[in-house]
Amino acid sequence: MRLIALLILALFIVAGVVVGALNAGPVSYDLAFFQVTMPKGAGVLLALVIGWLLGGLTAWLGMSLRHRRVLRRTRPSNGKTPARA
Amino acid sequence: MSILYVLVLLVPAAFASGWFAARRAAVHRSGMRVSELSSDYFRGLNYLLNEEQDKAIEVFLKLAEYNRDTVETHLALGNLFRRRGEVDRAIRLHQHLVSRPGLSEAMKTVALLELGEDYMRAGLLDRAEALFSDLVAMNAHAPSALRHLVAIYQHERDWHKAIDHARRLEAMTGDDESPMIAQFYCELAEQARQHGARSEARDYLHQAFECQPDCVRAFMLTGRLHAEAGEHAEAVEAYEAAVGADIAFVPEILPPLLNSYARTGQMERAEHFLRDILARYNGISPVLALTKLYNQRDGERAGIEFLTSQLRQRPSVRGLMALIDATMDKIEGEARENFLILRDLTRKLLEGQAMYRCSRCGFGAKAHHWQCPSCKGWSTIRPIHGVANE
């Protein structure tokens with residue numbers, strides 16, 4: 001399973017390098033306050049990384065909030081962990 | 001196709017991928033196989049509540065194996081074993097918990113408390129005493145440990161230590177333990193009386209009264225001490241005070257009280273006192289005592305008349321038996337034979353009856369005990385009021 005995952009990862013890295021080499025031309029973005037110019041491949045990669053990080057952050061926030069809510073509900077009022085089940 | 005279209009498609013895909021990855025990592029890292037564990041836990045709890053302890057133990061054992069860090073599960077399991085009487089398994093489980101490295105101090109003391117209870121249940125009182133003393137010294141779960149220590153000293157009849165620890169418990173929790181401490185002093189007084197140390201016994205009784213001014217047992221013991229010393233006038237005062245403190249103990253108090261009345265020749269005072277009790281107490285004991293008194297003073301006829309009039313108001317097998325005994329001499333022939341059968345029948349009926357019952361746990365007893373043999377409550381055993389009893 002792990003080997004297959006590694007193979008797929010390698011395949012994607014090769015595809016990324018090839019696509020990056022074929023699209024080496026610069027692309028510029030107008031972000032209202034400033035303009036950014038970068039290679040097309042780097043733009044795609046940056047968008048992917050930012051999207052991945054945002055997804056992870058959202059999941060983490062959602063889970064930790066829910067965990068805290070459950071803890072608050074199950075913990076006795078004096079804040080001590082119940083000694084016996 | 002513009003690069004922007006590519007980005008519009010790729011960014012949501014990356015977002016979703018990041019979301020799944022973070023969620024999976026969090027679940028894996030914190031060992032939150034929440035649903036699986038909780039469903040097992042609640043299944044076990046459900047079995048426990050439905051009194052299906054075998055199935056509950058099976059589930060909890062599996063749970064403890066599955067998640068070796070669940071201390072609470074181990075504690076619950078040990079508790080279950082102890083309640084089922086499998087004390088050796090409970091001891092092994094709690095010993096394993098206590099010796100487990102990395103256990104928090106709070107959990108370790110809970111496990112020690114449980115282990116002490118296991119030892120108590122197994123009858124290894126010295127080990128339990130050592131554990132509870134350590135817990136008290138550490139000031140961890142001290143009230144529970146002190147309560148167990150008091151129970152151990154009561155069992156060992158070490159009343160001085162029991163008093164000392166009960167006082168510490170009282171100081172720690174603020175609960176009033178003085179009725180129990182008064183009983184401990186009464187036990188000491190009783191021991192001293194049996195060894196002939198009357199002044200020592202009186203000192204203990206004095207301390208019992210300081211703890212509980214209306215301690216019936218202390219009044220009764222005072223009366224007994226006076227009676228044994230030939231001071232029957234003082235004994236009468238003490239016994240009358242005992243009735244005043246708790247009228248429920250009349251069947252216990254009346255025989256020595258009547259003896260002291262007779263020794264001092266205060267039969268009028270006795271009659272007045274018994275008449276007064278009769279108005280306030282529903283049992284048969286004062287009726288029988290008054291019947292005996294009228295028998296001796298006014299003759300058999302007056303005694304029987306009083307008894308029959310009282311039996312109409314408060315029917316009682318003991319009263320009926322007294323009536324049969326009193327009228328037996330006057331009957332002859334076939335009727336006498338029938339009366340003999342009736343007397344045997346009532347005697348057998350009374351033999352099988354529990355005369356006392358614990359007001360706390362319902363334990364039935366033929367004789368009076370100051371401490372209930374079942375629930376160990378003090379002064380909770382009282383006469384049963386009914387046709388076949390008091």
Side-chain angles (χ1 to χ4, degrees), chain A residues 1-2 5 8-9 12 15-16 18-20 22-31 35-71 73-76 78-85, chain B residues 1-27 29-30 32 34 37-38 40-42 44-45 48 56 59-60 63-64 70-80 82 104 106-114 117 140-141 144:
Chain A
M1 187 70 196
R2 183 165 285 187
I8 292 171
L9 186 69
F12 269 87
V18 171
V19 172
L22 291 174
N23 299 278
V27 61
S28 55
Y29 299 100
D30 189 350
L31 299 170
Q35 278 200 337
V36 182
T37 305
M38 62 178 83
K40 280 179 187 168
V44 171
L45 194 67
L46 192 68
L48 279 175
V49 168
I50 290 173
W52 197 81
L53 284 178
L54 277 178
L57 196 70
T58 315
W60 178 75
L61 272 176
M63 285 191 75
S64 60
L65 279 177
R66 198 174 59 189
H67 189 59
R68 266 184 214 169
R69 208 165 43 236
V70 170
L71 271 185
R73 216 180 302 147
T74 53
R75 197 168 284 184
N78 59 6
K80 284 178 189 165
T81 312
R84 291 176 213 180
Chain B
M1 192 168 61
S2 159
I3 184 86
L4 275 174
Y5 293 123
V6 176
L7 288 183
V8 165
L9 283 173
L10 279 180
V11 169
F15 184 91
S17 156
W19 193 83
F20 276 117
R23 202 175 151 76
R24 204 162 160 247
V27 169
R29 190 178 57 241
S30 62
M32 279 169 62
V34 181
L37 271 183
S38 343
D40 271 353
Y41 173 74
F42 283 112
L45 201 63
L48 205 60
V59 170
F60 280 135
L63 201 61
T70 318
V71 182
E72 278 92 349
T73 313
H74 274 83
L75 287 172
L77 200 58
N79 217 347
L80 255 178
R82 188 173 59 238
S104 72
M107 279 300 164
K108 202 164 263 185
T109 52
V110 171
L112 277 173
L113 190 72
E114 295 284 338
E117 285 184 34
H141 308 285
S144 301

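Chain A is the first sequence line, chain B the second, and so forth, proteins listed ahead of strands; every chain is numbered from 1. Remember, predicted model here, so these are calculated numbers, not experimental data.
The two atoms that bring A/Ala59 and B/Ala22 nearest to each other are CB-CB, 3.8 Å, heavy atoms only.
If you measure heavy-atom distances from B/Ala21 to chain A, the contacts under 4.5 Å come from the side chain alone. With a 4.5 angstrom heavy-atom cutoff, A/Leu48 touches chain B via backbone and side-chain atoms both.
Residues passing the side chain to side chain donor-acceptor pair (under 3.5 Å) test with A/Thr58, sequence neighbours excluded: none. Applying the side chain to side chain donor-acceptor pair (under 3.5 Å) criterion to B/Ser144, with sequence neighbours excluded, gives no partner residue.
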